[in-house]
There are 4 protein chains.
Amino acid sequence: MKMEAIGKTRWVIPEGYIPPASMVNADHALMSHEAACILNSGDTDAHIEITVFLTDDEPIGPYKLTVGARRTSHVRFNDLEDPAPVPTGTSYASVIESDVPIVVQHTRLDSRAAEIALLSTMAFAA
Amino acid sequence: MKMEAIGKTRWVIPEGYIPPASMVNADHALMSHEAACILNSGDTDAHIEITVFLTDDEPIGPYKLTVGARRTSHVRFNDLEDPAPVPTGTSYASVIESDVPIVVQHTRLDSRAAEIALLSTMAFAA
Amino acid sequence: MKMEAIGKTRWVIPEGYIPPASMVNADHALMSHEAACILNSGDTDAHIEITVFLTDDEPIGPYKLTVGARRTSHVRFNDLEDPAPVPTGTSYASVIESDVPIVVQHTRLDSRAAEIALLSTMAFAA
Amino acid sequence: MKMEAIGKTRWVIPEGYIPPASMVNADHALMSHEAACILNSGDTDAHIEITVFLTDDEPIGPYKLTVGARRTSHVRFNDLEDPAPVPTGTSYASVIESDVPIVVQHTRLDSRAAEIALLSTMAFAA
């Protein structure tokens with residue numbers, strides 16, 4: 001079936017914080033992480049650039065990635081490495097730009113304590 | 001009383017993840033689940049189609065359902081079965097389309113640990 | 001100082017669920033509850049009507065309340081009584097209408113388990 | 001690189017509540033707090049004024065702060081002191097105004113119980 005591209009090409013997530021620790025014996029799913037959940041519903045690959053803003057230094061980026069046509073990708077900020085890892089235990093913000101319309105939702109799973117906590121919000125379409 | 005149809009006809013939820021486990025002895029309310037909470041405030045039944053997008057495969061759908069006039073339905077992705085169950089323990093995204101205006105909110109209750117965690121956000125009106 | 005009325009006059013919260021139980025010895029602040037947090041930033045009182053939609057029955061309402069000029073009110077659905085209490089342990093949705101612009105945010109505190117869980121999202125401005 | 005100013009100049013957060021207690025031995029990161037996460041992506045400093053609305057009294061403010069060009073700041077309401085501390089254990093709401101476009105997200109970390117709970121939502125751009 002032919003799918004339609006939905007969304008906007010620029011999104012903003014002002015909240016960012018990768019907890020510096022996780023519960024003991026956390027597997028990959030339960031490890032503390034922050035994610036940008038991206039949907040590319042259209043028939044063209046999305047070429048995406050993420051810029052990370054800090055509190056006391058110049059922005060880092062762009063981090064480049066591709067989300068295939070008709071695919072979703074839940075990008076963990078923990079996994080971004082080029083041009084530099086996103087610092088943990090400190091506040092950051094991010095701007096996500098794409099060459100085709102996408103939709104972006106922000107989620108954090110926090111397992112610093114013995115139990116998990118979750119937050120999520122739609123990113124701001126700018 | 002006569003009620004007015006409110007909302008939009010297309011909504012997007014980029015975040016999707018059905019935890020593969022629940023706390024021991026969880027009843028139906030406390031079982032890990034993801035839901036699309038839908039309000040059809042108008043005087044006409046809403047015929048709704050949900051398409052589920054995956055990370056490494058073609059989209060699944062449409063899942064078809066009806067939300068009656070002046071009714072709300074909290075649809076659990078866990079319960080969708082036709083044309084195929086939504087896979088658990090993996091990331092997905094969803095697009096929700098209706099023939100009349102509706103409003104959609106996304107919620108997850110996660111009871112993998114001994115306690116529960118919650119997240120929620122309004123879906124993106126596209 | 002003169003304050004400006006900000007926001008919209010109609011808001012929608014598709015998600016609604018008052019947990020039927022709370023942790024043992026919960027005080028008022030930690031009792032399971034759902035709230036519509038309303039800000040009336042302007043210089044005129046806001047006369048508000050809430051309509052509650054159900055899954056299998058006709059809507060209940062309107063619940064009437066006033067939020068004073070330059071005041072905020074965090075309305076607990078648990079506390080609505082006239083024309084009828086909002087049922088607990090079942091899904092509902094709500095539409096909130098005002099005669100002056102307001103802003104509405106939805107929050108749930110869930111203390112069914114020994115610990116608390118929180119969710120929140122801006123309501124949908126319709 | 002030249003960065004573009006993104007967002008709006010006025011934001012609203014109707015929900016506000018600073019839990020009056022934290023878990024025993026909480027460090028600064030795990031202390032109960034409410035934050036307005038602000039991104040100023042542009043090349044000009046943002047001069048920001050926050051007004052806090054209460055349930056039974058006149059608004060407090062403005063609280064004044066600056067977020068530098070190309071910087072993010074996660075402002076804790078707990079830390080606002082001039083013209084007066086934000087009261088804890090009671091409901092409030094806030095309006096955030098800037099002389100240049102910004103984006104604002106609301107987050108609460110609640111550690112009243114032994115574990116933490118999180119909520120977050122994009123603020124309302126008014």
Side-chain angles (χ1 to χ4, degrees), chain C residues 1-8 11 13 15 22-30 32-43 46 67-76 96 98 101-125, chain D residues 8-23 32 34-36 49-62 83 86-97 104-126:
Chain C
M1 52 187 157
K2 178 151 177 32
M3 309 300 289
E4 191 181 349
I6 304 176
K8 304 282 181 182
W11 295 83
I13 305 172
E15 213 275 344
S22 297
M23 57 174 68
V24 179
N25 295 327
D27 61 10
H28 183 256
L30 289 179
S32 289
H33 63 271
E34 283 231 324
C37 302
I38 301 173
L39 173 62
N40 173 17
S41 65
D43 284 322
V67 178
R70 299 178 304 281
R71 294 292 184 275
T72 185
S73 179
H74 293 202
V75 179
R76 290 190 179 199
I96 298 164
S98 170
I102 57 174
V103 184
V104 180
Q105 183 173 347
H106 171 230
T107 301
R108 190 206 299 170
L109 184 150
D110 191 323
S111 62
R112 279 176 286 184
E115 305 291 337
I116 65 172
L118 295 169
L119 66 78
S120 188
T121 185
M122 206 57 61
F124 178 72
Chain D
K8 304 282 181 182
T9 58
R10 192 167 62 177
W11 294 83
V12 182
I13 305 172
E15 214 275 345
Y17 183 83
I18 302 172
S22 299
M23 56 174 66
S32 289
E34 282 231 325
E49 295 194 350
I50 300 177
T51 303
V52 170
F53 291 79
L54 305 172
T55 56
D56 292 320
D57 211 340
E58 288 298 309
I60 313 176
V86 179
T88 62
T90 186
S91 300
Y92 64 90
S94 54
V95 174
I96 298 164
E97 294 169 290
V104 179
Q105 183 174 348
H106 170 229
T107 300
R108 190 207 299 170
L109 183 150
D110 191 322
S111 62
R112 279 176 286 184
E115 305 291 337
I116 66 173
L118 295 169
L119 67 78
S120 188
T121 185
M122 206 58 61
F124 178 72

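Only heavy atoms go into these numbers, but all of them, side chains included; no hydrogens, no water, no symmetry mates. Each chain gets a letter, A, B and so on, in the order its sequence line appears, and its residues count up from 1.
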Side-chain touch [X]/[Y], heavy atoms, less than 4.5 angstrom:
| X | Y | result |
| --- | --- | --- |
| Glu15(D) | Met122(C) | no |
| Ile6(C) | Arg10(D) | yes |
| Leu39(C) | Val95(D) | yes |
| Arg108(D) | Leu118(C) | yes |
| Gln105(C) | His106(D) | yes |

Which answer fits Ser120(D), side chain, backbone, both or neither, if we ask what part of it has an atom under 4.5 Å from a heavy atom of chain C? backbone
Chain C heavy atoms under 4.5 Å from Tyr17(D): which part of the residue, side chain, backbone, both or neither?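 Contact with chain C involves the side chain of Tyr17(D) alone.
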Thr121(D) pairs by side-chain contact (heavy atoms from CB on, under 4.5 Å) with which of Thr121(C), Thr107(C), Leu119(C)? Thr121(C)
Side chain, backbone, both or neither: which part of Leu109(C) has a non-hydrogen atom closer than 4.5 Å to chain D? side chain
Proximity breakdown for Val104(C) and chain D, heavy-atom pairs closer than 4.5 Å: backbone
Which pair of heavy atoms, one from [X] and one from [Y], lies closest together, and at what distance?
| X | Y | value |
| --- | --- | --- |
| His74(C) | Pro14(D) | NE2-O, 3.2 Å |
| Phe124(D) | Ala125(C) | CE1-CB, 4.3 Å |
| Thr72(C) | Ala93(D) | OG1-CB, 3.6 Å |

To the nearest 0.5 Å, what is the distance between CG on Leu54(D) and CZ on Arg71(C)? 7.5 Å
Is the side chain of Arg70(C) donor-acceptor paired with the backbone N or O of Phe53(D) at a distance under 3.5 Å, no angle test? no
